[in-house]
Number of protein chains: 2
Amino acid sequence: MHSVSEENYIKTIYHLQDGKSLVSTNDIAGGMNTKASSVTDMLKKLADKNLAEYIPYKGTRLTQNGINCATQIIRKHRLWEVFLVEKLDFSWDEVHEVAEQLEHIQSRKLIDELDKLLEYPKYDPHGDPIPDAQGNYEKTAKTAISKLEKGQSGVLAGVHDTSTRFLQYLDKHQIELGTQIQLLELEAFDGSCLIKTDLKELHISKTIADNLYLKVL
Amino acid sequence: MHSVSEENYIKTIYHLQDGKSLVSTNDIAGGMNTKASSVTDMLKKLADKNLAEYIPYKGTRLTQNGINCATQIIRKHRLWEVFLVEKLDFSWDEVHEVAEQLEHIQSRKLIDELDKLLEYPKYDPHGDPIPDAQGNYEKTAKTAISKLEKGQSGVLAGVHDTSTRFLQYLDKHQIELGTQIQLLELEAFDGSCLIKTDLKELHISKTIADNLYLKVL
DNA sequence: TTACATTTTTAGACAAGGCTAAAATTTAAT
DNA sequence: ATTAAATTTTAGCCTTGTCTAAAAATGTAA
């Protein structure tokens, strides 16, 4: 249907969109490790195929068509991640790059059967919701620790960064999905904070705090 | 490591090799639905990468390097086929095209874990042996029905053609791996023959007889 | 509002893979 | 042994997706 490259652009635009009305060429380039000029070329092609609306010098947004395509890719990516963790003993920091390949396999039956095998999971190993076959998924309200008020607490419901390094950092400090976390102190100067889990207190940088999403209690 | 295109050439050459000392450019083109000129181009690239030995106007053979690469691709293809049939309820005529995509996914851990999940199967759904992690597999002696003597019998141990049409033909006549088959008559004129299974007698064309491999009893 | 900085697009090039048409080589057949 | 037929290679072009460098548009700050 669409090339791997097109699918990667669609996915990136979808993720960058989130609220904003238009996504900038530069942001797409940044998110994909390519140059802005390459992005411009591709945006024209996506617009030709009615997958995106492209307004030169202003930005891009996906059409409904493009959005449908994006959610299917995300569905595949997240289902494969669950498969890798549940069935093949991968740890949550190992799944991303393999899922990046698997998400481009074309077969409706494959993905529906995979969904069945995994018993229709609602969330992937990083806490992100999995769209159903129709592309619907609930966006649960999650708040970055860095946005909390001092004293508030919640359970870890998702992470923004899924890099190996970041996930291994969490493993080292015994933080995982479902871990209850309370914000004890928020340092105004650098945005770092002191948090408390069931097991211990921990000082984390703003970067980390931005990447940990809680379902507030 | 290697591109999808390179891997497909390597796989095709490996399958065409089988005994022959050199594979012809035209045969490769035929086996891949491309033109001979495209094949020539690729053969030079494979030779540069020390995956094949290419002798202009004479033919090509894989180097040990190329053979190792081919057996790994075949290992992946056949393991995925088992996965699709055993875990995802695919029928044996539905697996090929999806496995053609999955065989190019790059991840050593993925394939070794898949092997474990499937409990180290020896054969794929078409009766073909699956190479182990070191690339070793036993080539069991199988004979096409068309090569048998009148009166000989055996059990179906493999099929040559894995197209949906052919496999559905077999399903229709209740012939599957392990079915015991006896050659009753061999028509010298057109190579067609009369065979007998546990359930019934059946007249099959030479094309069919060439595609059914028996382990002779 | 003019000047500078940033962002984005265009123009031109390249690599991978593939095609057609023509040339070269090998094989087969008088 | 020559010619004819088949196979294979070369030459030149195309598409996809990428890049660099230069030009154009937009945004910002004095």
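Naming convention: chains lettered A, B, ... in sequence-line order (proteins, then strands); numbering from 1 in each chain.
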Given B/Arg75, B/Lys76, B/Arg78, the one that forms salt bridge (charged side-chain N to carboxylate O under 4.0 Å, His left out) with B/Asp124: B/Arg78

Quick one: side-chain hydrogen bond (donor to acceptor under 3.5 Å, both in side chains) pairs with a partner in residues 39-51 of chain A, sequence neighbours left out? A/Glu6-A/Lys49

Run the ring-ring contact (aromatic ring centres under 6.0 Å, His included) test against A/His96 and tell me which residues pass, sequence neighbours left out. A/His77

With rounding to the nearest 0.5 angstrom, report the NE2 to CD1 distance, B/His104 to B/Ile73. 7.0 Å

Base contacts versus sugar-phosphate-only contacts with protein, heavy atoms under 4.0 Å: please encode nucleotides 5-19 of chain D as B, S and - from 5' to 3'. --SBBB------BBB

Whole angstrom value for the distance that separates C1' of C/dA15 from CG of B/Asp48: 14 Å

Regarding A/Asn26 and A/Ser24, is there a side-chain donor-to-acceptor distance under 3.5 Å anywhere? no

